[in-house]
Colleague: 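Sharing a structure with you now.
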Amino acid sequence: MKSFLRLEEYVALFYRIFLVYIFYFLARILFYFYNQDIVAVDSFSEFLRLSYHGLAFDTTAILYVNGLFILLSILPLFFNTKPKYQNFLFYVYFSTNLLFYALNFVDFIYYKYNFSRLTLAAWDVFKHEKSKFGMFFRFFYTYWDVFLLFFVVAFLWVFLYKKVKVKHNLTEHSKIKYIVSSIVGVLIIATISVGGIRGDFKKSTRPINLVDANRHVSKTQHADIVLNSTFTFLRTLGVTSFKKTEFNIPDAVIESNFKPIKFYANNESTKPNIVLIITESLAKEYVGSFNKNIGIKGYKGYTPFLDSLASSSLIFTNAYANGYKSIHGMSSIISGIPSFKDAFTSSPYAKQKIESLVSCLKSEGYDTSFFHGAPNGSMGFLGYANILGFDHYYGMTEYGNDKDFDGSWGIWDEPFMQYMNQTISKKKQPFFSTIFTVSSHEPYVIPKKYEGKFPKGDLPMHQCVGYTDYAFKKFFEAAKKQPWYNNTIFIITADHCNQVFYGDEFYNKIINRNAVPILIFKPKSNLKGVNNEIAQHIDIYPTILDLIGYNKPFRSWGRSLVNTKKEQAPFLINYNTNMYQFMKGNYICMFDGKNAVGFYSVNDKELTKNLIGKRNKEMNDIELACKAFIQDYFNRIIDKKLTSK
């Protein structure tokens with residue numbers, strides 16, 4: 001009976017697929033172990049509950065990856081049980097499974113910086129790097145424990161796979177029955193597979209997606225335990241979130257909330273120089289002057305120069321990045337275009353006419369330049385700089401001295417910022433110059449000549465922040481000697497955040513994971529003080545134009561942070577845990593792309609108490625505003641209306 005009913009083969013197949021489930025569960029345990037401070041599960045039973053709901057997402061991922069293996073295992077080929085064919089199946093099984101399983105190990109580390117499971121968007125960062133093998137070996141060296149763990153797990157998986165073998169015992173007289181039983185088996189397994197990939201067998205249910213993980217959680221970060229990285233990566237292949245979104249929100253609602261086409265007449269028209277410093281990974285957590293009133297016991301900062309500069313600056317202590325990647329920071333800050341599920345810069349719509357700080361300032365006669373000490377083209381900055389129309393791009397090539405290369409990302413911040421000072425000092429005023437720094441970043445090293453100069457702090461990042469702060473100090477010391485200095489507005493912010501030390505106290509809370517400093521400094525001016533209102537990256541663009549008295553219409557969803565007329569209420573929009581986060585007034589709205597699924601007090605940054613059961617008018621208005629932003633955002637991008645014309 002066994003010989004023609006293929007029971008032995010089916011038992012082996014189900015055992016091999018069952019092993020995949022076991023190792024995906026192990027990956028979930030390890031993911032929690034490496035990120036327990038961020039995902040914050042309260043109990044073992046809660047973890048098991050989340051893992052149970054994760055089975056649906058594991059099933060989809062496993063069936064996607066093992067589809068070919070399953071098909072080759074059940075086709076009636078008559079030689080399925082022969083040793084050579086079984087060896088062939090072995091290589092098909094592990095070449096596909098280990099490749100996609102490894103994505104989960106990437107998230108053991110990458111999740112700390114991205115705060116969401118791995119998607120295809122990660123390739124947007126990696127694909128622009130010229131030294132991909134160099135990056136790989138550096139990560140191998142830095143995170144050797146994760147690599148070693150992966151190979152140990154892989155060895156165990158192979159060992160268990162070989163415990164169950166299939167013997168060849170098919171005879172000639174059993175072939176017809178073998179084919180009949182195989183057809184029955186194929187139909188049953190195919191039916192199960194289709195249901196597994198979709199998530200269930202209901203006709204009305206669409207295939208499960210990333211957002212469905214949020215149905216099973218009370219804390220949004222727990223969705224990333226329910227998910228697995230294989231699923232999130234595969235579900236985003238060939239998928240773009242850039243589609244027209246018709247909520248049928250009237251233009252009047254969009255206008256009243258965001259005024260996408262702005263015209264300021266608050267200040268006299270002037271032409272000061274603009275120096276915009278986008279600091280790699282400079283989280284608000286590291287800057288002492290931005291943490292004075294938070295109440296973190298034993299707090300230590302690592303930016304003595306920025307703290308001294310802040311006392312003579314206008315600082316925004318409740319400010320947030322509009323994304324988690326460097327290129328998100330560039331598009332949000334300079335062109336006022338945030339990124340949500342997918343980066344705008346990687347969408348099919350990035351190559352269009354875009355009104356930005358670059359175009360507006362060029363229309364006023366400004367020389368515009370972008371400085372980035374990495375190899376030219378790194379991070380996608382050169383391509384986007386060309387789209388925006390910067391007059392000059394200065395990278396590692398233009399710097400021309402590889403002796404100052406840090407061995408990983410680019411030229412050390414101190415010498416490259418001195419190079420920037422020397423370059424812009426030769427320019428005709430007015431000029432707009434942006435620099436994107438590189439040194440405050442993994443692998444967390446500083447020049448050897450400065451070893452021991454900066455406090456090592458509690459995280460590897462802290463010493464790097466101290467070095468970059470010192471680079472700022474030396475830059476400002478040199479800039480003060482230049483004739484352009486006193487007629488210059490300096491803006492300092494970060495692209496996104498990095499390692500967290502004061503997580504339990506403040507910075508691991510969902511909303512605060514994007515908390516960055518925004519500092520505006522102009523020598524001998526009244527731009528001073530502390531502002532605690534909500535601010536975000538997309539506000540920097542209109543703020544600069546308001547400061548210089550730009551007297552033409554321009555396109556921007558953000559608001560001027562210095563507009564005393566309060567023409568636009570403060571708000572924040574972001575995307576995390578497969579949800580839009582919209583903060584305004586007294587509430588934070590969690591929006592799944594169609595409807596609000598949660599409302600939280602604006603002080604509940606951890607999103608612990610969902611108030612949706614007590615909806616009120618303000619909540620309804622906030623959901624409407626969120627829909628209005630998303631509708632206008634996608635429609636303007638797709639219709640190529642990113643200008644005021």
Colleague: Cation-pi between Lys162 and Phe90: NZ/CZ under 6.0 Å from ring centre and within 45° of the ring axis?
Modeller: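 Yes, cation above the ring, under 6.0 Å and within 45°.
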
Colleague: With a 4.0 Å cut-off, would you call Lys300 and Asp458 a salt bridge?
Modeller: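 Counted as a salt bridge, because a side-chain N and a carboxylate O are separated by less than 4.0 Å.
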
Colleague: Of the options Arg513, Lys284, Gln499, which is the one that meets Tyr507 in a side-chain contact (heavy atoms from CB on, under 4.5 Å)?
Modeller: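 Only one of Arg513, Lys284, Gln499 forms a side-chain contact (heavy atoms from CB on, under 4.5 Å) with Tyr507, namely Lys284.
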
Colleague: Do Tyr575 and Tyr580 have ring centres separated by under 6.0 Å?
Modeller: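 Yes; Tyr580 has its ring centre under 6.0 Å from that of Tyr575.
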
Colleague: Check Asp58 with Arg28, please: is the shortest side-chain N to carboxylate O separation under 4.0 Å?
Modeller: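 Judged by the 4.0 Å cut-off on N to carboxylate O distance, Arg28 and Asp58 do form a salt bridge.
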
Colleague: Quick one: do the Asn318 and Glu533 side chains pair a donor with an acceptor below 3.5 Å?
Modeller: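 Their side chains do not contain a donor-acceptor pair, so the 3.5 Å distance test is not met.
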
Colleague: Compute the centroid of each ring, for Phe582 and then for Phe629, and state whether the two points are separated by less than 6.0 Å.
Modeller: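 Ring-ring flag for Phe582/Phe629: false, centres at least 6.0 Å apart.
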
Colleague: Can a donor-acceptor pair be found between the side chains of Asn498 and Tyr444 at a distance below 3.5 Å?
Modeller: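 Side-chain D/A pair, Asn498 to Tyr444: present.
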
Colleague: Using atom types as modelled and distance alone, determine if a side-chain donor or acceptor of Asn257 lies under 3.5 Å from a backbone N or O of Val253.
Modeller: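 Looks like yes, one N/O pair under 3.5 Å.
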
Colleague: Are a donor atom and an acceptor atom from the side chains of Asn97 and Tyr161 found within less than 3.5 Å of each other?
Modeller: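 Their side chains do not contain a donor-acceptor pair, so the 3.5 Å distance test is not met.
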
Colleague: Examine the side chains of Asn322 and Gln536 and answer whether a donor and an acceptor come within less than 3.5 Å of each other.
Modeller: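 On atom types as modelled, these side chains qualify, holding a pair under 3.5 Å.
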
Colleague: Less than 4.5 Å apart, side chain to side chain, heavy atoms only: is that true for Phe105 and Val153?
Modeller: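 A side-chain contact exists here, since the closest heavy-atom pair is under 4.5 Å.
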
Colleague: Working to the nearest 0.5 Å, report the span between CG of Asn514 and CG of Leu572.
Modeller: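 The distance works out to 7.5 Å.
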
Colleague: Under the rule for ring-ring contact (aromatic ring centres under 6.0 Å, His included), what residues qualify as partners of Phe88, not counting sequence neighbours?
Modeller: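 Once residues adjacent in sequence are excluded, the partners of Phe88 under the ring-ring contact (aromatic ring centres under 6.0 Å, His included) criterion are Tyr85.
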
Colleague: Establish, yes or no, whether a centroid distance under 6.0 Å links the rings of His462 and Tyr286.
Modeller: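 Between Tyr286 and His462, which both carry aromatic rings, the centre distance is below 6.0 Å.
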
Colleague: Ignoring hydrogens and geometry beyond distance, is a side-chain donor-acceptor pair present between Tyr24 and Thr230 at under 3.5 Å?
Modeller: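 Short answer, yes.
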
Colleague: Do Tyr111 and Asp224 have side-chain N/O donor and acceptor atoms under 3.5 Å apart?
Modeller: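 On atom types as modelled, these side chains qualify, holding a pair under 3.5 Å.
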
Colleague: Can Arg615 and Glu623 be counted as an ion pair, charged N to O under 4.0 angstrom?
Modeller: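 Salt bridge: yes.
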
Colleague: So do the side chains of Lys584 and Glu618 get within less than 4.5 Å of each other, counting heavy atoms only?
Modeller: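 Lys584 does not reach Glu618 side chain to side chain.
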
Colleague: Is the distance between the ring centroids of Trp557 and Phe258 under 6.0 Å?
Modeller: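 No - the distance between ring centres of Trp557 and Phe258 does not fall below the 6.0 Å cut-off.
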
Colleague: Aromatic ring centroids of Phe340 and Tyr633 under 6.0 Å?
Modeller: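 Yes, ring centres under 6.0 Å apart.
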
Colleague: Decide whether Tyr600 and Thr608 meet the rule of one side-chain donor and one side-chain acceptor closer than 3.5 Å.
Modeller: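 No, no side-chain donor-acceptor contact under 3.5 Å.
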
Colleague: Suppose we call two aromatic rings close when their centres sit under 6.0 Å apart. Are Phe147 and Phe151 close by that rule?
Modeller: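 When the ring centroids of Phe147 and Phe151 are compared, they turn out to be at least 6.0 Å apart.
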
Colleague: Does Tyr349 have its ring centroid less than 6.0 Å away from the ring centroid of Phe344?
Modeller: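 They do not qualify: ring centres at least 6.0 Å apart.
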
